[in-house]
Amino acid sequence: MFARKVAARLKPNSLTEFTNIIEREILPWLRTQEGFLDLITLAVPDGSQVTTISFWDQKGNAQAYHSSGYPEVLKILGKLLDGAPYVKTFDVVSSTLQRTALARPPKGEDLAQETSSTQLATAHDEPTV
């Protein structure tokens, strides 16, 4: 797994708009990109600085995004940024995200059937709280 950290200063009072754009425009688009796994957005308490960390299945897919998609993201967010963002890349050496991704059923698997099977298998177990 591979990660991209992008840190930026925001113009005053623009954190809410930044967050809305990330959640409503950029994240849905990122989910369509090959190899994209997750995005975390962090902000300092006063909202003047943000950091996003995106996770990718492999370095090549992150690099493809950096070359083609990232310039578009900068155009969308440019009016909110106070200066150029700082980008740093990482190999992920440990993460619970990797374990979570491995535990997910393959796309197209019938989750309703899986739930029914699980309910039948645990019907005789003691209830948990």
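All values reported here derive from a predicted model rather than from experimental measurement. Position 1 is the first residue of the sequence; numbering continues from there.
Side-chain atoms of Ser14 do not come within 3.5 Å of backbone N or O of Leu10 as any donor-acceptor pair.
To the nearest 0.5 Å, atom OG of residue Ser54 and atom CG of residue Asn61 are 11.5 Å apart. In this structure, CD in Gln49 is found 10.0 Å from CG in Asp82, a value given to the nearest 0.5 Å. The CG atom of Leu39 lies 9.0 Å from the CZ atom of Arg31; values are rounded to the nearest 0.5 Å. Rounding to the nearest 0.5 Å gives a distance of 9.5 Å between NZ of Lys5 and CG of Leu42. Atom-to-atom distance recorded for Thr89:OG1 and Gln63:CD is 7.5 Å, nearest 0.5 angstrom. Distance check, rounded to the nearest 0.5 Å: CD1 of Ile21 to CG of Leu27 gives 13.5 Å.
Between Met1 and Trp56, every side-chain heavy-atom pair lies at or beyond the 4.5 Å cut-off. Counting heavy atoms from C-beta on, the side chains of Leu81 and Arg9 never come closer than 4.5 Å. Annotation: side chain of Leu77 is in contact with side chain of Ile26 (closest heavy-atom distance under 4.5 Å).
Geometric assessment of Arg4 against the ring of Tyr70 yields a positive cation-pi assignment under the 6.0 Å and 45° thresholds.
Heavy atoms of other residues, nucleotides or ligands lying less than 6.0 angstrom from CD of Glu34 number 12 at most. Open room surrounds CG on Asn13; 12 or fewer heavy atoms of other groups in view lie less than 6.0 Å from it.
In the hydrophobic clustering of this structure, Phe2 does not group with Phe55; members are Ile, Leu, Val, Met, Phe, Trp, Tyr whose side-chain heavy atoms approach within less than 4.5 Å, directly or through other members. Transitive grouping of hydrophobic side chains (ILVMFWY, heavy atoms separated by less than 4.5 Å) keeps Tyr86 and Leu80 in distinct clusters. Both Val87 and Phe18 belong to a common hydrophobic cluster when Ile, Leu, Val, Met, Phe, Trp and Tyr are linked at side-chain heavy-atom distances under 4.5 angstrom. Ile22 and Leu74 fall within the same hydrophobic cluster, where Ile, Leu, Val, Met, Phe, Trp and Tyr residues are linked whenever their side-chain heavy atoms come under 4.5 Å apart, directly or through other members. Residues Val6 and Phe90 are members of separate hydrophobic clusters, defined by side-chain heavy-atom contacts under 4.5 angstrom among Ile, Leu, Val, Met, Phe, Trp and Tyr.
Of all non-hydrogen atoms in Leu15 and Gly47, the two that sit nearest each other are CD2-CA, 3.8 Å.
Between Trp29 and Tyr65, the two ring planes are tilted [angle within 30° to 60°].
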